[in-house]
Q: 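Next up is a structure, given as structure tokens.
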2 protein chains.
Amino acid sequence: MPQIKQPSIKTLKGLQTEVQSINRIALSVDCVIFGFDENKLKVLLIRSDVKKFIGMWSLLGDLVKPEEDLDSAAYRILKQRTGLKDIFLEQVHTFGETGRHPAGRVVTVAYCSLINIQNHRLRILDNELHWHDANSICDMAFDHQVIFNSCYKWLQKRVQEHPLGFNLLPNKFSLRELQNLYEAILNKKLDRRNFRKKFFAMDFLVDVGEDEQNVPHRPGKLYKFNFEKYEKKKKKWPGIDF
Amino acid sequence: MPQIKQPSIKTLKGLQTEVQSINRIALSVDCVIFGFDENKLKVLLIRSDVKKFIGMWSLLGDLVKPEEDLDSAAYRILKQRTGLKDIFLEQVHTFGETGRHPAGRVVTVAYCSLINIQNHRLRILDNELHWHDANSICDMAFDHQVIFNSCYKWLQKRVQEHPLGFNLLPNKFSLRELQNLYEAILNKKLDRRNFRKKFFAMDFLVDVGEDEQNVPHRPGKLYKFNFEKYEKKKKKWPGIDF
DNA sequence: ATTTATTGTGTAATTTACACACATTATAAA
DNA sequence: TTTATAATGTGTGTAAATTACACAATAAAT
């Protein structure tokens, strides 16, 4: 375990308050892990076993270790819970009210993660884990309802400015799936023809030359998202129907 | 001083890592305090006296006390440094890399504040404080350049979505002053006539029936921003020239 | 072959953004 | 008093983006 220097009074000038052990605070990360399945936006929750909140749903979180970067802590939690690496992760907000945790002072940094559920099957052991409908959550532990709402709003805004949504879809997807995703996240109906027009105009979708399978009607073409093309263009991601 | 319970192993189930004293981390707040003067965007900085960064500019920060809300800590720092209360303050991002502070592990939460410089004269004692040009900063201590850049970008985006800018202006201002402010923040020239049209269309500006004084040309009308009208309308704040 | 459900394509109307022109009004100088 | 100057204040026309809506094409089920 690497040795981390603790701040001393002498070396922390510029910070007015004297640095003492009493000034250290427990710091945690809470991950709001979004998924998309059966045309619904989902969020991965775990049942709380904290006495005060027994049986209620809570986000996946853990304490940050002194020798560990904040982002690394978030990735660690994701890997522990989902077994996945190289997935989308972004910091959203830090919640630091004194009364937010019944056991004492814990400041928590909320991260959002978007996961392709197809690539992730929950471990059998984790029967306390559950993909919960994002639009029908109640009775969350701690201030997790506040944190979740904040992250949900963040997601709604973010998907209209950047191509995050693709992280929730399989590599190959139909335009209908893409639209279902946006409708689920934004919680509103969109016009199919204008949606289509908008996304093709962006020129980031690549026709993979395959069709949908096992649909009881005309199958749609499958596309994949071309991240490289997006990076190169640096084109502003347009809004999707306001 | 209020007594804050420290987390114990038993009561913190749900957090996987055991909670011990070693898991507590020094937490600080750094404020990026923006002002506007002489048609320039300014930021309030202090000379660092940390040995490694001696003479370099740093943001105004302090440690968060265990019994103090995160937001409260930011307001406390603002009050200590500027003497002002009831001013704009918003959390932007948390920086938590292990190597960011030479004295040890300090995670810092960055807050942005917008101040009307007219209402604030620096105390004579604080001769290490300086309103620095936001567009010509170099040699900042710690990772404060990264934090500042992040907050500056945040501001540029935010003023195009919400009416924050008014916090940087006096209560009564001319449209030219308002435009100068936006040009300074966005660092680009805007068309005077379209700017004017856009802001009047929003219908949040109130003519106070006075004119500019001491200008060597036709004086402009003075306006004030009507926050109540803005709250009521809940109208989307339109973009200001992209 | 017909029905059904959904994909794929287009077009016109409306709104918004952008580029630009000109009259008005105060100060300052001749 | 007149004129020059440097802004403010008010348009107008064109291009671009958004929105609303219509219809043909295709695969599956009957």
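Naming: A, B, ... by sequence-line order, numbering from 1 per chain.
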Q: Using a strict threshold of under 4.0 Å (side-chain N to carboxylate O), is an ion pair present between Arg158(B) and Glu90(B)?
A: yes

Q: Check the distance between dG8(C)'s P and Leu175(A)'s CG and give it to me in whole angstrom.
A: 7 Å

Q: Any chance you could lay out the ring pair (Phe, Tyr, Trp, His ring centres under 6.0 Å) test for Phe95(B) and Phe142(B), step after step, and finish with the verdict?
A: CA-CA 11 Å; Phe95(B) 297 83; Phe142(B) 312 100; over 10 Å; no

Q: Just compare dA27(D), dA19(C), dT9(C) and give me whichever is closest to any side-chain atom of Asn194(B).
A: dA19(C)

Q: Taking 4.0 Å as the cut-off, does a side-chain nitrogen or oxygen of Arg176(A) come that near to OP1 or OP2 on dT6(C)?
A: no

Q: Check the orientation of Phe225(A) and Phe166(A). Use parallel for under 30°, tilted for 30 to 60°, and perpendicular for over 60°.
A: parallel

Q: For Lys198(B) and dT16(C), give me the distance from atom NZ to atom P, rounded to whole Å.
A: 11 Å

Q: Tell me the interatomic distance from Leu205(B), atom CG, to dG9(D), atom C1', rounded to whole angstroms.
A: 15 Å

Q: Grab the CD-P distance between Gln179(A) and dG8(C) for me, whole Å please.
A: 12 Å

Q: Does the pair Lys221(A)/Asp207(A) count as a salt bridge with the N-to-O cut at 4.0 Å?
A: yes

Q: Once salt bridge (charged side-chain N to carboxylate O under 4.0 Å, His left out) is applied, do any residues pair with Asp211(A), and if so which ones, sequence neighbours excluded?
A: none

Q: Does any donor-acceptor pair link the side chain of Lys197(A) with the base of dT11(C) at a separation under 3.5 Å?
A: yes

Q: If you take any heavy atom closer than 4.0 Å to DNA chain C, which residues from residues 210-218 of chain A end up in contact?
A: His217(A), Arg218(A)

Q: Could you check whether the rings of Phe199(A) and Tyr182(A) sit parallel, tilted or perpendicular, using 30° and 60° as the cut-offs?
A: perpendicular

Q: Nearest-Å distance, CZ (Phe195(A)) to C1' (dG8(C))?
A: 15 Å

Q: Side chain of Arg193(A), heavy atoms from C-beta onward: which of dT19(D), dT10(D), dT9(C) has the nearest atom to it?
A: dT9(C)

Q: Among the nucleotides dA26(C), dT9(C), dC21(D), which one has an atom lying closest to any side-chain atom of Pro219(B)?
A: dA26(C)

Q: Counting side-chain heavy atoms from C-beta on, which of dC20(C), dT8(D), dT19(D) comes nearest to Arg192(B)?
A: dT8(D)

Q: What is the distance, rounded to the nearest whole Å, between atom CG of Leu190(B) and atom C1' of dC20(C)?
A: 16 Å

Q: Rounded to whole angstroms, how far apart are CD on Glu177(B) and P on dT8(D)?
A: 10 Å

Q: Taking atom P of dT7(C) as reference, at what distance in whole Å does atom CZ of Phe199(A) sit?
A: 15 Å

Q: Got a second to check how far Cys151(B)'s SG is from Asp30(B)'s CG, nearest 0.5 Å?
A: 9.0 Å

Q: Can you see if the side chain of Arg196(B) gets near the phosphate of dG9(D) - specifically, an N or O under 4.0 Å from OP1 or OP2?
A: yes

